[in-house]
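Here is how names work: the chains are called A, B, and so on, in the same order as the sequence lines, proteins then strands, and each is numbered from 1.
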2 protein chains.
Amino acid sequence: MAEPERATHQGGESLLFLTDEQLRQGIEAMFFAYRGFTADPDRILEEHDYGRAHHRALHFIHCAPSTTVKNLLAILGVTKQSLNRVLRRLIADGLVESRVGRADKRERHLHLTEAGRALEQQLSDAQRARMRKAYRDAGPEAVAGFRTVLEAMMDSEQRRQYHGMRNGRA
Amino acid sequence: MAEPERATHQGGESLLFLTDEQLRQGIEAMFFAYRGFTADPDRILEEHDYGRAHHRALHFIHCAPSTTVKNLLAILGVTKQSLNRVLRRLIADGLVESRVGRADKRERHLHLTEAGRALEQQLSDAQRARMRKAYRDAGPEAVAGFRTVLEAMMDSEQRRQYHGMRNGRA
DNA sequence: CTTGGAATGTCAACAAAGCTGACTTAAAGT
DNA sequence: ACTTTAAGTCAGCTTTGTTGACATTCCAAG
């Protein structure tokens, strides 16, 4: 039912024939899937008058507690001024706490408050629910392939951040 | 090397154990991959002082030539005021042509000009190059899985558009 | 110790691209 | 004749990106 590409010798990974049309399908699939991927959290965010930028900040502060602003900037790939606006609002609303660094007082270490953790949970529950459903519908082998292709699609710096996130210190 | 999830009985597709952490990894992979996915065209667009909105318009006009404005609105999921701003500029710059419908003169049918086709090619070449590399690195089975999961991640309306795009008339 | 530069973060102003609402024009449908 | 539909326009707002200017802090060279 899928039949998304053809190999000259099936399984041969270097002799893979990929027509422009097949690649275009992949591009559109990515476009539509990403829309689905963000749809559920977007609905929740709208109720609170937040945007995707706030979601991303909450997500990564949750995953790397006590991270600095500089660090977050590197992960999100935006300017610090842009991030600051989002952060200021989250702090004003009592979702994020900014603590002056002990070792280096220039740094601000970011933490979620109880309310912040609650919203982050709510958002990521919604997103995980869709992810879980997609994974279940697709099956384990498909998931493995999905992850492999996604990783190959990142560029090396992003891949570094992606792995750094999961293992070592932020 | 991947080991992205675990099944209680391997291969069993309804009894799939998915921890929050595993799903979070999927979410982040999607985030970083989408960034990679748009990075190359973004660079080209910047030179021409266009944004992603212009890219999307060019892409879908290319794929569904002679599509109407209404149709494009449905695909892109934005308001006509927003699309119109983008379209007006593309027409003024001579990349897109708007022809009054023959059967229904209220409709405007959109076509790429020679220059429009050229830029669309340039953009999609860049995006396809990354896609092709990711597909090659990952191998055919991974690609099949990738496509399966992406499709499962769309919601039904998007999936309908996605398939409608490829087969029937727009 | 002082001082000058680098690092970190904040504030102000601006641009792109989304949104809503109100309106016009032209063509179709009934 | 009246209503509906397709497209376009104008005005104004929001989110989220940008650059420029600035304050604070740290550190290392003199």
Side-chain angles (χ1 to χ4, degrees), chain A residues 31 34-35 38-39 41-61 66-93 96-111 170, chain B residues 31 34-35 38-39 41-43 45-59 61 66-93 96-111 170:
Chain A
F31 172 73
Y34 198 78
R35 253 211 329 224
T38 54
D42 280 356
R43 268 188 290 276
I44 296 168
L45 288 160
E46 203 174 11
E47 295 168 22
H48 297 252
D49 271 306
Y50 290 128
R52 255 177 234 180
H54 301 89
H55 184 186
R56 290 196 287 269
L58 289 175
H59 176 100
F60 286 111
I61 294 172
S66 196
T67 188
T68 63
V69 174
K70 178 186 168 63
N71 213 305
L72 207 49
L73 286 174
I75 293 167
L76 296 174
V78 298
T79 58
K80 60 184 172 173
Q81 294 86 338
S82 188
L83 174 60
N84 196 255
R85 192 192 305 120
V86 168
L87 234 36
R88 209 185 319 172
R89 172 120 185 260
L90 290 174
I91 291 168
D93 293 358
V96 169
E97 205 181 345
S98 161
R99 302 180 195 155
V100 174
R102 268 189 309 141
D104 187 335
K105 289 179 192 165
R106 291 172 302 181
E107 297 178 341
R108 301 298 138 91
H109 295 264
L110 302 168
H111 299 263
Chain B
F31 171 73
Y34 197 79
R35 240 193 1 208
T38 56
D42 280 356
R43 267 189 290 276
L45 288 160
E46 202 174 13
E47 294 167 23
H48 297 253
D49 269 305
Y50 289 129
R52 256 177 233 180
H54 302 89
H55 184 187
R56 289 195 287 271
L58 290 175
H59 176 99
I61 294 172
S66 195
T67 187
T68 63
V69 173
K70 178 185 168 65
N71 213 307
L72 205 50
L73 286 175
I75 293 167
L76 296 175
V78 299
T79 59
K80 64 177 174 177
Q81 293 89 333
S82 189
L83 175 59
N84 199 258
R85 195 192 302 132
V86 167
L87 231 38
R88 209 185 317 175
R89 170 119 186 262
L90 290 174
I91 291 169
D93 293 359
V96 168
E97 204 182 344
S98 162
R99 301 181 195 154
V100 174
R102 266 189 309 142
D104 187 335
K105 290 180 192 164
R106 292 173 303 180
E107 297 176 340
R108 300 300 139 87
H109 295 264
L110 302 169
H111 299 263

Along DNA chain D (nearest heavy atom to each residue), the more 5'-positioned of B:Leu110 and A:Arg56: B:Leu110
N/O donor-acceptor pair, side chain B:Arg85 with base C:dG18, under 3.5 angstrom: yes
Length of the CG-P vector between B:Leu45 and C:dA15, whole Å: 20 Å
May I have all residue pairs that pass side chain to side chain donor-acceptor pair (under 3.5 Å) and include part of residues 48-58 of chain A, sequence neighbours excluded? A:Thr38-A:Arg52, A:Asp42-A:Arg52, A:Tyr50-A:Asp93
Return the CZ to OG1 distance between B:Arg108 and B:Thr67, rounded to the nearest 0.5 Å. 14.5 Å
With a 4.0 Å limit, can you tell me whether A:Arg88 has a side-chain N or O closer than that to the phosphate oxygens OP1/OP2 of C:dG9? no
What does B:Gly77 touch in the nucleic acid at a heavy-atom separation under 4.0 angstrom: a base, only the sugar-phosphate, or nothing? sugar-phosphate
To the nearest Å, give me how far apart CG (A:Leu73) and C1' (D:dG17) are. 13 Å
Describe the nucleic acid contact of A:Ala57 in one word from base, sugar-phosphate, nothing, applying a heavy-atom distance below 4.0 Å. nothing
Side-chain N or O of A:Asn84 less than 4.0 angstrom from OP1 or OP2 on C:dG9? no
Rounded to the Å, how far apart are B:Leu76 CG and C:dA17 P? 13 Å
Restricting to salt bridge (charged side-chain N to carboxylate O under 4.0 Å, His left out), what partner residues turn up for B:Arg106, sequence neighbours left out? B:Asp104
On a plain distance test, is the side chain of B:Arg106 in donor-acceptor contact with the base of D:dT5 below 3.5 Å? yes
Does B:Glu97 pair with B:Arg99 as a salt bridge, N-O distance under 4.0 Å? yes
Could you state the CG-C1' distance from B:Asp104 to D:dT5, rounded to the nearest angstrom? 8 Å
When rounded to whole Å, the CD to P distance for the pair A:Glu47 and D:dT14 reads 19 Å
Taking side chain to side chain contact (heavy atoms under 4.5 Å, CB included) as the test, write out the residues that go with A:Arg43, two or more places apart. A:Ala39, A:Asp40, A:Arg130
Rounded to the Å, how far apart are A:His55 NE2 and D:dT15 C1'? 16 Å
Is the ring centre of A:Phe60 less than 6.0 Å from the ring centre of B:Phe31? yes
By salt bridge (charged side-chain N to carboxylate O under 4.0 Å, His left out), B:Arg85 pairs with (sequence neighbours left out) none
Could you work out which one of C:dT10, D:dA7, C:dA28 sits closest to the side chain of B:Lys70? D:dA7
Picking from D:dT16, C:dA17, D:dT25, which would you name as closest to the side chain of B:His54? C:dA17
For atom CG of B:Leu90 and atom P of C:dA17, their distance in whole Å: 10 Å
Candidates D:dA6, C:dG18, C:dG9 - which lies nearest the side chain of A:Arg108: C:dG9
Using the 3.5 Å cut-off, write out each protein N or O paired with an N or O of nucleotides 19-23 of chain D and the distance between them.
residue, atom, partner, partner atom, Å
D:dG20, O6, A:Gln81, NE2, 2.7

Under the rule for side chain to side chain contact (heavy atoms under 4.5 Å, CB included), what residues qualify as partners of A:Leu83, not counting sequence neighbours? A:Val69, A:Leu72, A:Leu73, A:Leu76, A:Val78, A:Leu87
Taking CD from B:Glu107 and P from C:dG29, how many angstroms apart are they, rounded to a whole number? 10 Å
Quick check: on DNA chain C, is the nucleotide nearest A:Ile91 upstream (toward 5') of the one nearest B:Arg52, or the reverse? Name the residue that is more 5'. A:Ile91
